[in-house]
Amino acid sequence: MRHNLLFALAALGLASAPALAADPIEGLARTCNNCHGTGGVSVGYSMPSIAGLSETYLKNILMEWKSGARASANMTRLIKGYTDEEIAALAGYYSKLPWTAQVQPAAKELLAKGKDVTERCETCHGATGGQPDDKETPRLNGQWAKYLELEMLKYRDEGFQMTHKKMMKNTRKMEEGDVATAAKYYGAQSK
Amino acid sequence: MSQINRREFVKAIAAASSAAAVSVPLSACAGPGAKRASGGAKARVVVIGGGYGGATAAKYVKLLDGDIEVTLIEPNAVYTSCPLSNEVISGHRDIKTLQVGYDGLKKRGVHVLQDMVIGVDRTKKVVTTKGGKKLEYDALVMSPGVEFHYDNIAGYSEAVINDIPHAWKAGEQTLILQKQLMAMPDGGKFVIVVPKGPFRCPPGPYERASLAASYLKHHGKTKSKIIILDANDSHSKKGLFQQAWKAMYGFEKEGMGTNGMIEWVKASEGGTVNKLDVASKTVHSDFVDLKADVLNIIPAHKAGKIAVDTGLAKESGWCKVVPMTMASAEDENIYTIGDSCVAGEMALYGNPNANFDMPKSAHIAMTQAKVAAAAIVAKVNGLPTPQPYYANTCYSIVGDDYGFSVAHQYRVENGTFKYIKEGSGVSPMAMPDKSPVPAIYRKLEAEYADGWVRNVMADAFG
């Protein structure tokens, strides 16, 4: 427990633990931080935070990119350089870090509209995105709205090979103008 | 490993927030290799240069071991990111979004000294600054970036750069070139002179040409030309650039005197500029004499002066490194990272089998810095040398909703760098069935470039 806690604190820059310097998974994860933020907490709007996402979700998506089943503009290239064991370890590592919601305030009207247009999402992602139904489903509360919008564009685009049929079906049913609204709704949620 | 107890975590954060840095050494750290430096700190690390590499090294040493004293020495109070500064030149981005100070590092307990290092005594392990300070170190991180060499082109010198900007170190130079581009009348010639590689930011000159074309196109200056005179016969992401230029800027083919807004002249066809007439902004090569309206000469460069003066850049003007740790091949107490080092084979574009050197990019400088930081902390604490991982991602923006990237990965096997080909490569030029790449791919990468720069700036300086 103590070691675990140190991992989390060190990743957030709140404590230091020299033993982590020699930890191979820490070393690998440090390269992920460049794009996904120190400790997996992103501050770039188009890049997702990955700290605190479920292990199953992370592992699934990374392995789908590696096999080529799922498209990505860039992760499909990078992830092929990692072994399956490293991918599993990275998924485990980031899943044990706490989720940091980057709450992006939105106007009351937008939130009301957002609640409305995300009704179809609730069953799996929970009312505010913070309580997903199962471990295969990512949490959305306080994830970057820009990133969520781009993800939905991927699901809606027939030329972009995605794997989750339910997501493709549901996002394609949405009105075009509602995509950004839905994304902003989840970005504004704290839990 | 079990899930973190959230209550315990929250309590720990509350406790931690009352101190600048909480150091909780594990029992394994107090091994026989642990050293004590004079003055109470476990060890003293001095970092020369506050760019992406130096800032990251300072931050990650402190993150991994708060008991190590870290001093970063940098002459400027504000850093301007070179990555994405081409968007400033073309008016697509405010330079303020690329600027960052050193308060983030100070909050983490890094001493930041606004000064310049003028000498390193490798025997006594002392750094001397212009301001007259002498700092002892147990480990020195050398991250000075590049030094420009103006003497390859007759008539060219540092004295002319306010008139003929390089804009290859971002900041004032970026804004000078922006102003000149925007003042250029329709039908003008914007000439970019590219030095022989290796140079920092391998796709940079071509991204600059693309974004300048985007600016000119959107401002009705469509009779203008952008001519790249290149001292190399190939370049980074060439296929992707030319595909984009054809799609957006009427690019015809390589060589001079073609239709389309962008022309690319390679070394073997007269691209190597060797003479400049400053007054008329005319550049000459063996085959070409070209008068520019806006002239952007990127000077040749080598390792930063302090790295050379310290005797670390013996081979071909760049610093050679030990792959496991990023320590200098010349001195085990100095870690040479970033643009001043050469890690792997030298850049040889055009040879498909030779693309295993590390490009001079912010991203690679940061992963090198993290390797160096972990190696330093492990050494100080008597831990085994960590396994290093090097990665690069480099985005280029070429127009509205149009970007692409290259990824590189390297590991170390038997003490030598190994390029991980299966985890590297450029964005696709076509889909596997030969159909065109859907527009969404290019849009996503243009968007990711912005997210990337925000995260690398925060990961280095925050």
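Each chain gets a letter, A, B and so on, in the order the sequences are listed, and its residues count up from 1.
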- prompt: So which bits of residues 58-81 of chain A come within less than 4.5 Å of chain B, counting non-hydrogen atoms only?
  reply: A:Ala71, A:Ser72, A:Ala73, A:Asn74, A:Arg77, A:Leu78, A:Lys80, A:Gly81

query: Where the side chain of B:Asp65 meets the backbone of A:Pro18, is there a donor-acceptor pair that is under 3.5 Å apart?
result: no

Side chains of B:Gln409 and A:Thr31 in contact at under 4.5 Å (non-hydrogen atoms): no

- request: Tell me, with the steps shown, if A:Cys35 and B:His363 meet side-chain contact (heavy atoms from CB on, under 4.5 Å).
  value: CA-CA 9 Å; A:Cys35 294; B:His363 199 105; 3.6 Å; yes

- line: Ranked by heavy-atom pairs below 4.5 Å to chain A, first place among B:Lys59, B:Gln387, B:Arg454, B:Met366 goes to B:Arg454

- request: Name the region of A:Glu149, side chain, backbone, both or neither, that has any atom closer than 4.5 Å to a heavy atom of chain B.
  value: neither

query: Residues in side-chain contact (heavy atoms from CB on, under 4.5 Å) with A:Ala29, at least two apart?
result: A:Leu90, A:Tyr93, A:Tyr94

message: Treating A:Ser46 as the side-chain partner and B:Glu447 as the backbone partner, does any N or O pair qualify as donor plus acceptor under 3.5 Å?
response: yes

- prompt: Which of residues 115-126 of chain A get closer than 4.5 angstrom to chain B, counting heavy atoms alone?
  reply: none

message: Which atoms of A:Tyr82 are under 4.5 Å from chain B, going by heavy atoms: the side chain, the backbone, both sets, or neither?
response: both

- line: Separation between OH (B:Tyr60) and CG (A:Leu20), nearest 0.5 Å, reads 12.0 Å

query: Taking the side chain as C-beta and beyond, is there a heavy-atom pair between B:Lys443 and A:Leu153 under 4.5 Å?
result: yes

task: Could you check which of B:Ile68, B:Ile376, B:Thr385, B:Leu444 has the highest count of heavy-atom pairs closer than 4.5 Å to chain A?
output: B:Leu444

query: Within the distance-only criterion (no hydrogens, no angle test), does the side chain of B:Asp459 pair as donor or acceptor with the backbone N or O of A:Gly37 below 3.5 angstrom?
result: no

statement: OG1 (B:Thr367) and CZ (A:Arg30) are apart, to the nearest 0.5 Å, by 11.0 Å

- request: Could you tell me the separation between the NZ atom of A:Lys146 and the CG atom of B:Asp450, rounded to the nearest 0.5 Å?
  value: 9.0 Å

statement: Against chain A, residues from residues 431-442 of chain B with at least one heavy atom under 4.5 Å, in numeric order, are B:Pro438, B:Ile440, B:Tyr441

message: If you compare all heavy atoms of A:Lys154 against all heavy atoms of B:Tyr448, which two are closest, and at what distance to 0.1 Å?
response: NZ-OH, 3.8 Å

query: Non-hydrogen atoms of chain B under 4.5 Å away: do they reach the side chain of A:Asn34, the backbone, both or neither?
result: both

task: Under 4.5 Å heavy-atom distance to chain A, tell me which part of B:Thr393 shows up: side chain, backbone, both or neither.
output: side chain

task: Please report the C-alpha distance between A:Asn33 and B:Lys370 in whole Å, then the side-chain angles of each, then the deciding distance to 0.1 Å, and finally whether the side-chain contact (heavy atoms from CB on, under 4.5 Å) criterion is met.
output: CA-CA 10 Å; A:Asn33 290 355; B:Lys370 290 172 185 182; 3.8 Å; yes

query: So, for B:Ala378 and A:Ala21, which heavy atoms are closest and what is the spacing to 0.1 Å?
result: N-CB, 4.2 Å

query: If you look at every heavy atom in B:Asn455 and A:Gly44, which pair is closest and at what distance?
result: OD1-N, 3.2 Å

query: Based on non-hydrogen pairs under 4.5 Å, which of A:Tyr147, A:Trp144, A:Tyr45 is most in contact with chain B?
result: A:Tyr45

task: Please look at A:Glu151 and chain B and tell me whether the side chain, the backbone, both or neither of the residue comes under 4.5 angstrom of a heavy atom of that chain.
output: side chain

